[in-house]
Amino acid sequence: MASVISYSGHQYLRHRLVLSILSGKTVRIEKIRSEDENPGLTDYEVSLLRLLEKVTNGTIIEISVTGTAVLLKPGVIAGGPVTHDCPLSRSIGYFLEPLVMLGPFSKKPFNSLYNDLSVDLIRTVTLPHLQPFGISEGLELRIKRRGAPPGGGGEVQFLCPVVKQVTTVNFVEPGKIKRIRGIAHAVRVSPQFSNRMIDAARSVLNRYIPDIYLYSDVYKGEESGKSPGYGLSLLAESTTSAIHCAEAVSQPGGTPEDVALLASRALLSEIRQGGCVDRNHQCLVLLMMVLGSEDVGRCRMGEPTVRTVQFLRDIRDFFGTSFKIVPANPSDPSCTELMYSCYGTGYVNVNRTLA
């Protein structure tokens with residue numbers, strides 16, 4: 001049996017499973033919530049394992065009797081049409097993020113339908129992050145029905161093309177923010193709620209930039225899910241197409257103005273971090289850099305989050321690739337931005353069906 005990479009703990013489970021499938025190395029994760037009142041895998045983690053089983057062929061997943069250990073022997077990424085029911089304990093983004101990482105390297109183009117709580121940022125921000133790597137034509141996320149917690153009931157369709165190899169990226173100019181776009185969605189509540197969110201967000205953001213367009217997205221009847229709710233997703237785009245994003249959703253007892261102020265301030269905080277990639281997408285971009293052609297890829301980002309630091313360690317375990325991380329502007333001590341560079345592994349999609 002090939003060498004098994006072992007981890008303990010439930011954190012970073014998604015990324016480790018994705019890295020295992022892409023690298024073809026068996027992974028074993030133990031001591032999953034072994035000290036908790038409810039030990040073992042949660043319903044959404046089991047659902048994620050089922051989903052990975054659906055989109056791959058020949059993957060063997062073994063879960064221990066207590067659910068505190070899982071062994072994954074990866075197969076090939078098959079893709080094709082898949083329908084999956086997500087549990088209501090996590091948003092749909094939890095299940096979509098691993099698929100965005102796996103989709104381009106499958107055998108057949110992805111065509112997945114999900115029924116759960118839906119997201120705007122994956123459509124407007126995550127998918128455009130794949131374009132510098134040559135993954136753009138046929139990449140789409142359609143929101144069929146929109147749900148809100150706790151009842152869910154939303155549905156999205158994710159389409160992803162297949163590529164032979166991702167291109168090396170060289171993204172070092174963050175540019176200046178030129179426009180802010182946003183979507184205020186309201187489900188089974190008064191359409192006035194989305195207008196109130198837009199007005200409150202403008203009151204904060206108009207001080208900085210005039211080019212702001214916030215779109216009101218109200219769902220009624222069949223298109224809405226089972227619970228009322230509303231939220232605001234914001235993204236700021238720079239002159240060099242760097243995108244920073246933030247979002248907030250309604251909380252019980254909160255007002256639309258609270259949601260808008262929370263999202264607006266979070267967006268300003270993301271922009272302040274600087275770099276060409278925001279904190280939510282550092283892992284995706286770093287993974288694509290590792291899988292790039294055998295050349296040096298470079299990208300300028302803000303300081304790594306705790307999740308990103310662990311992801312870099314896991315990449316070293318699975319692919320043997322280390323990153324060189326240096327200050328982006330050594331002459332300016334106040335600049336916290338960093339330059340990440342690595343030598344691509346030249347990963348070729350061997351699963352792809354030849355036309």
Side-chain angles (χ1 to χ4, degrees), residues 10-19 42-52 54-55 82-104 110-130 135 139-160 181-185 187 217 219 225-227 229-235 243-251 259 262-263 266-267 270 277-288 305-308 311:
H10 66 281
Q11 290 105 333
Y12 319 110
L13 178 84
R14 285 185 305 166
H15 287 157
R16 285 166 177 170
L17 296 176
V18 166
L19 289 171
T42 56
D43 58 344
Y44 55 85
E45 287 166 343
V46 174
S47 178
L48 176 66
L49 289 166
R50 293 277 164 270
L51 173 61
L52 293 175
K54 281 182 192 173
V55 299
V82 171
T83 303
H84 186 66
D85 264 324
C86 308
L88 299 175
S89 43
R90 282 303 284 259
S91 76
I92 194 155
Y94 179 84
F95 302 92
L96 268 176
E97 276 180 38
L99 286 201
V100 172
M101 292 175 168
L102 295 173
F110 262 35
N111 181 359
S112 314
L113 268 175
Y114 301 86
N115 306 317
D116 192 57
L117 321 171
S118 43
V119 266
D120 288 304
L121 289 186
I122 289 200
R123 186 182 68 184
T124 53
V125 185
T126 308
L127 299 187
H129 270 101
L130 294 175
I135 309 163
L139 186 66
E140 196 180 346
L141 182 68
R142 298 175 187 154
I143 299 177
K144 304 260 185 169
R145 291 207 301 267
R146 190 185 283 279
E155 185 178 314
V156 301
Q157 185 177 16
F158 173 55
L159 307 167
C160 182
R181 296 286 178 266
I183 298 173
H185 72 261
V187 182
D217 204 4
Y219 286 76
K226 297 171 184 166
S227 301
Y230 50 89
L232 178 65
S233 308
L234 295 171
L235 66 107
I243 305 176
H244 298 273
C245 65
E247 65 181 341
V249 290
S250 54
Q251 299 294 338
V259 171
L262 198 63
L267 180 71
E270 276 297 343
V277 178
D278 72 353
R279 286 180 290 190
N280 301 317
H281 296 91
Q282 287 177 344
C283 293
L284 176 68
V285 171
L286 293 170
L287 175 68
M288 290 298 167
T305 60
V306 177
R307 191 173 75 156
T308 306
F311 188 66

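Numbering starts at 1 and runs along the sequence shown.
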**OP:** Check ring-ring contact (aromatic ring centres under 6.0 Å, His included) between Tyr230 and all other residues, then give those that pass, not counting sequence neighbours.
**Re:** Phe193

**OP:** Go through the steps for Cys245 and Thr124 under the test side chain to side chain contact (heavy atoms under 4.5 Å, CB included), then give the verdict.
**Re:** CA-CA 9 Å; Cys245 65; Thr124 53; over 6 Å; no

Original post:
Is any side-chain heavy atom of Leu96 closer than 4.5 Å to a side-chain heavy atom of Thr126?
Top reply: no

**OP:** Evaluate whether atom NZ of Lys226 has more than 12 neighbouring non-hydrogen atoms of other residues, nucleotides or ligands under 6.0 angstrom away.
**Re:** no

**OP:** Please test Asn280 against Thr305 for side chain to side chain contact (heavy atoms under 4.5 Å, CB included), starting from the C-alpha separation and ending with a verdict.
**Re:** CA-CA 9 Å; Asn280 301 317; Thr305 60; over 6 Å; no

**OP:** Measure the acute angle between the ring planes of His281 and His129, then classify it against the limits of 30° and 60° as parallel, tilted or perpendicular.
**Re:** parallel

**OP:** With rounding to the nearest 0.5 Å, note down the distance linking CG in Leu159 to CD in Glu140.
**Re:** 5.5 Å

**OP:** Report yes or no: do Ser233 and His185 form a side-chain donor-acceptor pair below 3.5 Å?
**Re:** no

Original post:
If you round to the nearest 0.5 Å, how far is CG of Leu284 from OG1 of Thr308?
Top reply: 11.0 Å

Original post:
Which atom pair, heavy atoms only, marks the closest approach of Gly153 to Arg145?
Top reply: O-NE, 3.5 Å

Original post:
How long is the gap from CG on Leu19 to CG on Leu102, to the nearest 0.5 Å?
Top reply: 9.5 Å

Original post:
Listed by chain and number, what are the side chain to side chain donor-acceptor pair (under 3.5 Å) partners of Arg307, not counting sequence neighbours?
Top reply: none

Original post:
So, for Ser227 and Pro149, which heavy atoms are closest and what is the spacing to 0.1 Å?
Top reply: CB-O, 3.7 Å

Subject >> Cationic N near anionic O, under 4.0 Å, Arg146 to Asp120 >> reply: yes

Original post:
After noting the C-alpha distance and the side-chain angles of Leu49 and Leu17, does the key distance pass the side chain to side chain contact (heavy atoms under 4.5 Å, CB included) rule?
Top reply: CA-CA 9 Å; Leu49 289 166; Leu17 296 176; 3.7 Å; yes

**OP:** Would you please name every residue forming a ring-ring contact (aromatic ring centres under 6.0 Å, His included) with Tyr12, sequence neighbours left out?
**Re:** none

Original post:
Hey, are the side chains of Phe311 and Val306 touching, using non-hydrogen atoms and a 4.5 Å cut-off?
Top reply: no

Subject >> Phe95 side chain near Val156 side chain, heavy-atom distance below 4.5 Å >> reply: no

Subject >> Interatomic distance, Arg14 atom CZ to Tyr44 atom OH [nearest 0.5 angstrom] >> reply: 9.5 Å

Subject >> Partners passing ring-ring contact (aromatic ring centres under 6.0 Å, His included) against Tyr219 (at least two apart in sequence or in another chain) >> reply: none

Subject >> Beyond-backbone contact of Pro128 with Ile243, side-chain heavy atoms, under 4.5 angstrom >> reply: yes

Original post:
Mind checking what makes salt bridge (charged side-chain N to carboxylate O under 4.0 Å, His left out) contact with Glu247, not counting sequence neighbours?
Top reply: none

Subject >> CD1 on Ile143 to CG on Asp217, rounded to 0.5 Å >> reply: 7.0 Å

**OP:** Can you measure from CG (Leu141) to CD1 (Ile122) and round to the nearest 0.5 angstrom?
**Re:** 7.0 Å

**OP:** Sequence neighbours left out, what passes side chain to side chain donor-acceptor pair (under 3.5 Å) with Glu45? Give chain and number order.
**Re:** Arg33, Thr42

